[in-house]
2 protein chains.
Amino acid sequence: MNKEKPTIIKLEDIAKALRVSISTVSRSLSNSSRVKEATRKKVREKADELGYIPNQIAKSLISGKTGVIGVIIPRYDEAFFIEVCRGIDHYARKHNYRILISSSRNSSRFEKENIMVFEKGIVDGLIISLTHQTKSQTHLQSMANRGTPLVVFDNMNEKIEGAMHVRIDDYSAAYEAVQFLAQKKSVQTVGFIGGTILKSIFNKRYEGYKDSLLSSDFSLKEEFVFNCKSMHQVHEYHEIYNFLSKLNQFPNAFFCSTDSYALLCIKALSKLGKRVPEDIQVVGFGNLHYSRLFNTELTSVSQPSFKMGEKAAELLLSKIIKGAYLPSEKIDELILPTKLIIRNTTC
Amino acid sequence: MNKEKPTIIKLEDIAKALRVSISTVSRSLSNSSRVKEATRKKVREKADELGYIPNQIAKSLISGKTGVIGVIIPRYDEAFFIEVCRGIDHYARKHNYRILISSSRNSSRFEKENIMVFEKGIVDGLIISLTHQTKSQTHLQSMANRGTPLVVFDNMNEKIEGAMHVRIDDYSAAYEAVQFLAQKKSVQTVGFIGGTILKSIFNKRYEGYKDSLLSSDFSLKEEFVFNCKSMHQVHEYHEIYNFLSKLNQFPNAFFCSTDSYALLCIKALSKLGKRVPEDIQVVGFGNLHYSRLFNTELTSVSQPSFKMGEKAAELLLSKIIKGAYLPSEKIDELILPTKLIIRNTTC
DNA sequence: TATATTAATACAAACGTTTGTATTGTTATT
DNA sequence: AATAACAATACAAACGTTTGTATTAATATA
């Protein structure tokens with residue numbers, strides 16, 4: 001049985017093989033002009049021959065940089081977050097950075113735990129979307145204070161000093177989407193389906209909805225407003241179905257604070273014998289690509305998820321690379337534009 | 001302007017503050033009995049006071065372990081992979097491991113690139129689903145040879161010596177799903193919609209489909225078989241729509257090699273005026289949770305994606321923790337069970 | 001040919017830990 | 001009171017790099 005443990009090659013091995021010093025090997029491989037071209041070549045060849053792979057950990061210990069960005073999202077099974085991660089990855093990769101994704105599972109305990117792991121120096125910076133459980137804000141704040149570059153995207157609670165924020169204008173986006181509905185002759189009432197109001201983005205979308213209704217001289221009917229409490233799609237469906245089935249009368253349209261609420265709403269409505277958009281129109285929020293898979297394509301507020309990731313990464317890396325404590329242009333909030341995409345669930 | 005750079009506390013700082021040696025501090029914090037309880041307490045308190053956070057990079061350099069598992073998936077925007085990642089994450093987390101996710105973007109170039117980054121020692125092991133472009137197999141093989149624990153899940157091309165594999169029996173799963181359709185009185189012909197046949201899992205599902213038809217004395221009609229070539233959902237829809245619209249005659253059912261093909265198929269069919277399942281029945285593969293969002297719930301081969309991730313992580317960690325070169329029980333292939341979930345797109 | 005100059009390389013410290021060995025301090029034994 | 005035994009702590013090497021400084025070799029200048 002061949003049990004020889006594959007040995008891992010280091011600079012020292014190359015140095016010994018060539019009877020030169022480790023520093024010469026190191027400098028050769030980084031193409032320093034301090035070593036003669038002939039030697040450099042010899043070293044490169046020997047390195048290839050032995051299959052040398054530099055040890056990133058040792059490099060990191062010296063440079064203080066790991067080449068990794070930490071990302072914390074509330075859940076994996078929401079396409080929006082994955083899309084943002086794609087954007088982060090796309091930008092990061094161009095700058096030779098990797099991403100370490102963690103889910104906080106919508107719990108501040110896990111969030112805190114993840115942050116603590118990242119603080120041990122395995123990432124050069126952090127991009128995070130906060131859960132609605134606010135408690136760990138102090139952790140983030142102290143991380144920012146300690147000088148770790150930090151970008152918060154999507155949901156946030158209160159401002160974190162020293163962090164950068166990338167977001168959309170949830171209030172206005174919702175306001176306009178509801179305006180779009182309210183201006184239709186066929187629409188007299190608009191309902192709302194959203195998530196927990198503890199989450200600030202959901203709350204803002206709700207406020208936008210409310211103010212939009214009021215400014216159109218519509219009345220806000222509490223019975224047409226529903227906020228899901230659970231965090232799992234199957235349960236959410238039942239909550240929504242339950243809510244809708246108890247309605248004696250239906251609004252002409254629903255504005256939903258995410259695409260998945262919208263889809264679940266449509267599903268429940270059709271179960272209840274209502275047609276979309278003929279009987280009831282539905283507008284979602286997010287414009288996620290999976291909604292393309294559906295028969296009836298969803299009218300939705302398009303949120304630039306991928307771009308949001310890219311921008312978050314851009315801000316973060318600019319800080320990481322420049323050094324967090326050099327004076328920067330101090331872009332500490334970036335608001336990306338949204339757009340209502342009209343498809344087949346409105347008419 | 002307050003420009004004092006936040007200083008990062010290390011063992012030395014605690015040692016100095018307490019006038020003890022660094023090793024005493026280190027041992028105190030790891031609760032070694034070699035240091036007096038009173039001293040340990042003093043050290044712990046000082047560490048808290050100063051806000052000491054251990055440097056994982058330095059630890060890794062010594063231990064040779066980073067506490068990170070690398071994961072390479074072909075694309076982010078396929079729910080199956082995300083679900084597997086969730087499973088990996090779930091298991092890994094319990095063992096104090098993190099995951100570093102990268103996408104190979106279905107390109108062997110990126111795949112290779114990712115592997116090379118991981119080889120620099122930033123991960124303790126690798127879990128990967130291979131793209132259909134085989135080329136980098138040698139890279140993986142040499143990684144395995146070098147002793148890095150390696151698990152391949154889902155798609156693989158040929159066996160990698162020293163790696164472990166977690167998968168399902170794609171052939172049989174497809175075979176049985178098609179049997180289910182073929183046994184219906186209303187079904188005389190079954191079509192197939194799949195992805196690139198270069199990908200071995202798609203190929204196996206196709207073979208299962210084919211053999212299932214033949215064993216039921218159905219004939220295999222080439223005109224009812226379609227394989228998407230593109231890699232983007234929007235394009236895939238057009239491909240499928242195109243294929244279907246050119247059909248003079250339709251089969252009674254379609255077996256699709258993923259859920260998203262099934263959903264796109266349903267969408268295209270309904271655009272063409274066909275009702276599902278009344279006119280044409282559809283079976284998907286994967287049973288992904290987003291299909292729950294749809295009005296008509298998809299009949300699908302349930303693949304234990306989450307579990308697949310968990311198992312992959314379990315195998316990998318057992319090797320990482322035991323040490324890759326100790327004799328292990330040599331579980332090098334794990335085949336997980338699948339199950340046909342009958343819902344509303346068949347009748 | 002001796003010396004100044006520069007090119008090429010070697011040495012050694014550093015990054016922040018862990019851990020084996022050496023040293024010091026304390027208590028028990030005689 | 002001397003010494004053995006052991007507890008408590010300090011010292012130093014190691015992990016695999018990078019990088020500033022010292023040393024040696026090679027060339028140019030006189």
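Residue numbers begin at 1 in each chain, while the letters A, B, ... track the order of the sequences.
When DNA chain D is scanned 5' to 3' for any atom under 4.0 Å from a heavy atom of chain B, the first and last hits are D:dA8 to D:dG16.
Relative to the six-membered ring of A:Phe110, A:Arg105 meets both conditions, a distance below 6.0 Å and an angle of at most 45° to the axis.
Listed by residue number, the members of residues 21-42 of chain B with any heavy atom below 4.0 angstrom from DNA chain D are B:Ser21, B:Ser23, B:Thr24, B:Arg27, B:Arg34, B:Val35, B:Lys36, B:Thr39.
Checked against the 6.0 Å centroid criterion, the rings of A:His90 and A:Phe306 qualify as a close aromatic pair.
There is a side-chain donor-acceptor pair under 3.5 Å between B:Tyr97 and B:Asp124. Using modelled atom types, one finds a donor on one side chain and an acceptor on the other under 3.5 Å when comparing B:Ser200 with B:Asn155.
When the shell of 6.0 Å around NZ of B:Lys159 is examined, it contains more than 12 heavy atoms from other residues, nucleotides or ligands. Remark: A:Lys94 NZ is packed, more than 12 non-hydrogen atoms of other residues, nucleotides or ligands lying under 6.0 Å away.
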With a 3.5 Å cut-off and sequence neighbours excluded, list the donor-acceptor pairs that the side chains of residues 43-51 of chain A form with protein atoms.
| unit_1 | atom_1 | unit_2 | atom_2 | d |
| --- | --- | --- | --- | --- |
| A:Arg44 | NH2 | A:Glu37 | OE2 | 3.3 |
| A:Lys46 | NZ | A:Glu49 | OE1 | 3.4 |

